[in-house]
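Each chain gets a letter, A, B and so on, in the order its sequence line appears, and its residues count up from 1. As the structure is a prediction and not an experimental result, all values here were calculated from the model.
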There are 2 protein chains.
Amino acid sequence: MSSESSRKLTIYDLAKLANSSPSTVSAVLNGTWQRRRISRKLAKRILELAEREGYSTNMQARALRRDRSGILGMILPLYDNRYFSSIAQVFEAEARRRGIFTIVSCTNRDPAQEREAARMMLAYRVEHLICTGATDPDAIAEMCSAAGIASLNLDLPGTAAPSVISANREGARRLTDALLDRLEARRADAARVLFIGGRAEDHNTRERIEGFRQAREKRGLATAPTDIVTCDYAAEKAQAALEAYVDREGRLPAAMFVNSTISLEGIVRWLRLGGHDVNDIIMGCFDWDPLAAAFHPRLIMMRQDVPTMIARLFDWIDVPPEDPARRLEVMPEIVGDPM
Amino acid sequence: MSSESSRKLTIYDLAKLANSSPSTVSAVLNGTWQRRRISRKLAKRILELAEREGYSTNMQARALRRDRSGILGMILPLYDNRYFSSIAQVFEAEARRRGIFTIVSCTNRDPAQEREAARMMLAYRVEHLICTGATDPDAIAEMCSAAGIASLNLDLPGTAAPSVISANREGARRLTDALLDRLEARRADAARVLFIGGRAEDHNTRERIEGFRQAREKRGLATAPTDIVTCDYAAEKAQAALEAYVDREGRLPAAMFVNSTISLEGIVRWLRLGGHDVNDIIMGCFDWDPLAAAFHPRLIMMRQDVPTMIARLFDWIDVPPEDPARRLEVMPEIVGDPM
DNA sequence: AATAGTTGCACAACCGATTGCGCATTCATA
DNA sequence: TATGAATGCGCAATCGGTTGTGCAACTATT
């Protein structure tokens, strides 16, 4: 804490102050001093000195020499929903617990930004790159493998790197079951169930649609193409899509499978604006938001198990799977009173 | 893209391939070649070569030599609300536009984590450190100035570094005015207005309380200590605090000034659980969340002007203010039909 | 043809840490 | 007392860029 003289303190300065050598100081500071047979006494003296002078290792120099940055990179579509923000937070927390530094960058579901962010992360020589919800995970996996850096996919799977994702199909089956149970309890027309939100070309949406279809099929219900509206995630798109659906059908759906909280926002807004009671429609959302739950306690939500997903991710950071196309599904949890 | 032979390509490899020297390659790649009088022809050849071979600058080496990392650091309490997540996103977007790399770290409103994150960022030699909503901004500002690194505060002000914050007092006055207008329109008892959420020791909460008080005073209304409950931000705390208030007063408040969406969550949940109609209470929230707005269109919200705040922040990154205690207030915007 | 100025590039010394290697001491053993 | 092993530490090369300096070769000037 003393002598904030002018420039940053280096191991050379410390060596001079301690009447020792830079290599010794280095060994002491990075904990390899026993292996180098530095005496405990000298080590202690140097450590105290470093502490007193407020020394901090220059990570650039260390990274350069070690050829490892000690940084973990993650790219993320957005921060603005509970799922992704929780991914970022849990990821950071676990990394911090391990003393690893993280760099998180959001890329707005835009393939060009994803590539650009990946390029930057590779330039900073991150040790692993986690691609979360990437629109083109394989493109990034290839950039990484060309650079000799391991990459992992999260949330949306790829074929060129191992992937940890939610069990979308099974989760969707369960969510759909819950919706259908409620419809039966209410003796409503189980045909009028609408799946809304997401992208047809995105793996998770496809899986959820398949789960939706299977759950209905099991009860002898057919699913028509008009029952499924993959209008992208944005609130405005969901709003417009619901309006179009109601125009066409002439009435509201009896139940809805909403594919994200962001879509939910548009749907709730449209219902409000039209003077409808949100509670008249049985709603499930494949996502979780506590504020939505507070406002609408009858809303059924699938909460994706972020802590487990991140834990599996770190398992693979520790021990990379041999199969580069390895895929692991983590079961999400249904929240909100199912009946 | 060719020859992903084995190791990462360096300027030495490129120099050999181009029959040139590392210094020339370096100058070409970082754009200083004209100043060094490298011929246009050679520059072009080297650039093409680098492109073809997929060269990427080792940022650690560059940072070490230049003694500047090209990284901007930000610490943040959390990602899980729209205000902070939007700060992170807008900050990143602007930095990306300028070709600057960012590192964002969330520190859970915990002073120890804040210091630890700051220490890491300083070790990575960030060029500026932005402290957002820090519980102890001055401690971090001092760490930074000891390390010779500029720091700025965002959202919560400090005295040791310049601060960009919301105009909390004026915003709170306006929000309170809107609440009181509605109360009058409804001929409800304007005395029963509750300010809830936040921390008494935090600058923003104090300012908002002062604005709340002033707006009421202007209408001849006194504010009692029991009208103000700074129970921290967490949903559970707000829930418990509201319950205690209602127990004591024997009835619900006529209106509420809720100090954050996270507190709002607890309040709405408690009202729902108690079977109350959320619409019976006139509510304002000093924060903004589109999902809440969709569910509760009568809710009045103050949306903090994140784009402007970030723009001012970058103004100060470009040209640091002379006064280290400089403070700038950015006006938030009232959203939701005021009447 | 001699001199001065310009053009075009390469040399080599850094930046701050890490690490293989080797050289003095000291200690144990014969 | 000589010999071998163990102890304790410093030397110097290295990671991959950046940048001050210098030196040819070429052009313009008188």
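- Whole-Å rounding puts the A:Trp33 CH2 to D:dC9 P distance at 10 Å.
- Following rounding to the nearest Å, A:Arg35 (CZ) and C:dT18 (P) show an atom-to-atom distance of 12 Å.
- Here the C1' atom of nucleotide D:dG16 and the CD1 atom of B:Ile11 are 6 Å apart, to the nearest Å.
- Remark: aromatic rings of B:Tyr79 and A:Phe84 are distant, center separation not under 6.0 Å.
- Going from atom NZ of B:Lys16 over to atom P of C:dA10 covers 14 Å, rounded to whole Å.
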Within the sub-3.5 Å range, which N or O atoms of nucleotides 5-9 of chain C have a protein N or O partner, and how far apart are they?
| from | atom 1 | to | atom 2 | distance (Å) |
| --- | --- | --- | --- | --- |
| C:dG8 | N7 | B:Arg37 | NE | 3.1 |
| C:dG8 | N7 | B:Arg37 | NH2 | 3.1 |
| C:dG8 | O6 | B:Arg37 | NH2 | 3.0 |
| C:dC9 | OP1 | B:Ser39 | OG | 3.3 |
| C:dC9 | OP2 | B:Ser39 | N | 2.4 |
| C:dC9 | OP2 | B:Ser39 | OG | 2.9 |

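- The side chain of A:Asn30 contributes no N or O atom lying less than 4.0 Å from OP1 or OP2 of C:dA17.
- With a 6.0 Å cutoff to the six-membered ring centre and a 45° limit on the axis angle, B:Arg109 counts as a cation-pi contact of B:Tyr233.
- Atom pair A:Lys44:NZ and D:dC9:P shows a separation of 15 Å (rounding to whole Å applied).
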Give me the distances for all protein-to-nucleotides 12-15 of chain D N/O pairs that come in under 3.5 Å?
| from | atom 1 | to | atom 2 | distance (Å) |
| --- | --- | --- | --- | --- |
| D:dT14 | O2 | A:Arg65 | NH1 | 2.8 |
| D:dC15 | O2 | A:Arg65 | N | 3.4 |

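- Residues A:Ser21 and A:Thr24 have side chains that bring a donor and an acceptor to within less than 3.5 angstrom of each other.
- Among B:Ser151, B:Ser105, B:Ser69, the single residue meeting the side-chain contact (heavy atoms from CB on, under 4.5 Å) criterion with B:Met121 is B:Ser105.
- Between B:Arg119 and B:Glu116, at least one side-chain N (NZ, or NE/NH1/NH2) sits under 4.0 Å from a carboxylate O, which counts as a salt bridge.
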Using a cutoff of under 3.5 Å, can you pull out all pairs of nitrogen or oxygen atoms linking the protein to nucleotides 26-29 of chain D, with atom names and distances?
none

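- Legend: salt bridge (Lys or Arg N to Asp or Glu O under 4.0 Å) pairs involving residues 123-141 of chain B, not counting sequence neighbours, sorted by first then second residue: B:Arg68-B:Glu127.
- Annotation: salt bridge (Lys or Arg N to Asp or Glu O under 4.0 Å) contacts involving residues 304-314 of chain A, sequence neighbours excluded, comprise A:Arg312-A:Asp315.
- Counting non-hydrogen atoms under 4.0 angstrom, B:Thr32 reaches nothing in the nucleic acid.
- A close approach under 4.0 Å does not occur between any side-chain nitrogen or oxygen of B:Tyr124 and OP1 or OP2 of C:dG16.
- Note: CZ (B:Arg125) to P (D:dG17) measures 20 Å, nearest angstrom.
- Remark: C1' of C:dT18 and CD of A:Gln60 are 16 Å apart, rounded to the nearest angstrom.
- Residues satisfying the side chain to side chain donor-acceptor pair (under 3.5 Å) criterion with A:Glu94, sequence neighbours excluded, are A:Arg97, A:Arg98.
- A donor-acceptor pair under 3.5 Å is absent between the side-chain atoms of B:Asn108 and the main chain of B:Asp110, judged by distance alone.
- Here the closest heavy-atom approach between residue B:Arg199 and residue B:Thr135 is recorded as NH1-CG2, 3.8 Å.
- Rounded to an integer number of Å, the gap from A:Arg68 CZ to C:dA17 C1' is 14 Å.
- Aromatic ring centres of A:Tyr124 and B:Phe101 lie closer together than 6.0 Å.
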